[in-house]
Student: 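Handing you a structure now.
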Number of protein chains: 2
Amino acid sequence: MATKKPKPTKTSVEAKAPSDISWQAQKSAMTRDRILDAAINCFINLGYTNVTTAKVAQAAGVSRGAMLHHFPSKTELIQAAVEYLHDKLIEDYTQRVSNIPAALQGPARRRAGVEAYWEHLTGDLFVVYHELCTASRSDPELKAILESSQQAFEQHVRESNEALFAEWKDRGERFLLAMDVTKFMMEGLAASRLMTHREERVSRLMNYLSDRLEEIFEEEESSAIGRHTKGA
Amino acid sequence: MATKKPKPTKTSVEAKAPSDISWQAQKSAMTRDRILDAAINCFINLGYTNVTTAKVAQAAGVSRGAMLHHFPSKTELIQAAVEYLHDKLIEDYTQRVSNIPAALQGPARRRAGVEAYWEHLTGDLFVVYHELCTASRSDPELKAILESSQQAFEQHVRESNEALFAEWKDRGERFLLAMDVTKFMMEGLAASRLMTHREERVSRLMNYLSDRLEEIFEEEESSAIGRHTKGA
DNA sequence: AAAAAAACAAACAGGACTGATTAAAACAGG
DNA sequence: CCTGTTTTAATCAGTCCTGTTTGTTTTTTT
């Protein structure tokens, strides 16, 4: 057929050469991807709770009937969109980490890793992910959707961090602690948009965090982790 | 009149002895308080986005018309409920801090303060507050409501912390850093319900945090704050 | 070329929600 | 007891949302 046939993305058509796939299947997969992209954009622009099937369809440039063909219920749309979001988050973090210059080594490299995570956390995708997690407290369907890929998600983050901080990955519990300290402090900070003197406080905490990370791995055993108080 | 007249709360009728206020005004104030209590309970039980005026009215045991009399729009109801929530949050934290035994001193006392904040953060009221803050990104009305009392809220938290850590309050930037490290790490942790090995990770981080707080105030100037890397 | 299947689109029905209106009950003051 | 005010309650209208049904167009299969 003489119409232009844009190549579908890998995520939508699996394990087949383009020439083996009918034009209809390609077109259908492209529609599906447009819908998922539109759903993510609606999460970002409207907030999760304001997203409706009509708005996603409009943003995707398809009719509601067409969208219902691909996702027979709103819940199935949300589920597919959340899985899609997970994929994009992983890709986003991996991309930011791979952008760190190979010439950077030692503390400068690790600081760049911390900053890459901060950029990741303050990006639209993670903001939306955080909103979904927050909304899931009172939305059992959403909670189940998020939980179903949470372990895979954490696994990938762990592997990325082990690659990024290769010199630290064999330090056992100390490594876990360092990753958690970074994660929770930065996620708490990123989530707190309503606060005074934000830039000053962000800068101070990023500096403090980088120093603590260096310390966690410099100190001897039962130092950063094991002791609870020093003699007064 | 011979009917039983329950005494209204101070929050609903201000600066007047009960005997100077008509029964009708007392009754109206009590209805208003019941509505606000019901709204907070709906935030907790249903999640902010699932709260409707019908549900709040039902939970309060009043009709929608009655509720509309007190709060002519849903926005006004939300605004009053958020201010009410702020008051309860302040009261909750103040109460938890005042429950710390006076006999506790030094690191044990400070550790108790950290744990009081953790209990505060994981309580229903703060969970709801966090959800409201998260939802406000895509809800300008809600954001304006929260911002209008954010400064007063932070002011009270700062005063509580200065009272709790009186021995540290004169340390300037170091004190601000310590409070922020505690706040953001714990808020990040409290907000992360979806994660594996939660209890183990919470325990480790709480211990680490207490140690860091002690360190921040023990080290000399340009130590915890100023340095970024140690000589490798 | 024709029939069948898939993708897409439009219309409809039912339910939920908010704000407004009207009515009833309770209260205050003379 | 009467009148006016306030509080409370019931009903209505309009809007929005989702899922279902029906119809149209495109593509695939025979």
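Sequence lines set the chain letters: A, B, ... in the order given, protein chains first and strands last, and positions in each chain run from 1.
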Student: Would you mind reading off the distance between A/K55 atom NZ and D/dT15 atom C1', rounded to a whole angstrom?
Tutor: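 Atom NZ in A/K55 sits about 12 Å away from atom C1' in D/dT15.
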Student: So, A/E91 versus A/Q95: side-chain donor-acceptor pair below 3.5 Å or not?
Tutor: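 Looking only at side-chain atoms, A/Q95 and A/E91 do not form any donor-acceptor pair under 3.5 Å.
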Student: When the ring planes of A/Y117 and A/Y93 are compared, do they come out parallel, tilted or perpendicular, using 30° and 60° as the limits?
Tutor: perpendicular
Student: Quick one: is B/T53 getting a side-chain N or O under 4.0 Å of the C/dT18 phosphate, OP1 or OP2?
Tutor: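 It does, given that an N or O in the side chain of B/T53 lies less than 4.0 Å from OP1 or OP2 of C/dT18.
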Student: Calculate the interatomic distance between A/L77 atom CG and D/dG19 atom C1'; express it in whole Å.
Tutor: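 In whole Å, D/dG19 C1' and A/L77 CG are 14 Å from each other.
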Student: Only pairs with both distances under 3.5 Å count, Watson-Crick or wobble alike; so what is the partner of D/dT18 in this structure?
Tutor: C/dA13
Student: Measuring from the side chain of A/W23 (C-beta onward, heavy atoms only), which nucleotide among C/dC17, D/dG19, D/dT28 has the closest atom?
Tutor: D/dT28
Student: Considering only side-chain heavy atoms of B/T31, which listed nucleotide, D/dT27, D/dT8, C/dA20, is closest?
Tutor: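 Nearest to the side-chain atoms of B/T31, counting from C-beta on, is D/dT8.
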Student: Would you call B/D139-B/K143 a salt bridge at under 4.0 Å N-O?
Tutor: no
Student: Which nucleotide in the list D/dT27, D/dT8, D/dT18 gets nearest to the side chain of B/A66?
Tutor: D/dT8
Student: Find the distance A/L68:CG to D/dT22:P and express it as a whole number of Å.
Tutor: 16 Å
Student: Side chain of A/R64 only, heavy atoms from C-beta on: which candidate in C/dA11, C/dC17, C/dA28 is closest?
Tutor: C/dA11
Student: With respect to the side chain of A/H69, which nucleotide from C/dC17, C/dA28, C/dA7 is positioned closest?
Tutor: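 Comparing C/dC17, C/dA28, C/dA7 against the side chain of A/H69, the answer is C/dA7.
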Student: Taking atom CZ of A/R110 and atom CD of A/E115, what is their separation to the nearest 0.5 Å?
Tutor: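 It comes to 14.0 Å.
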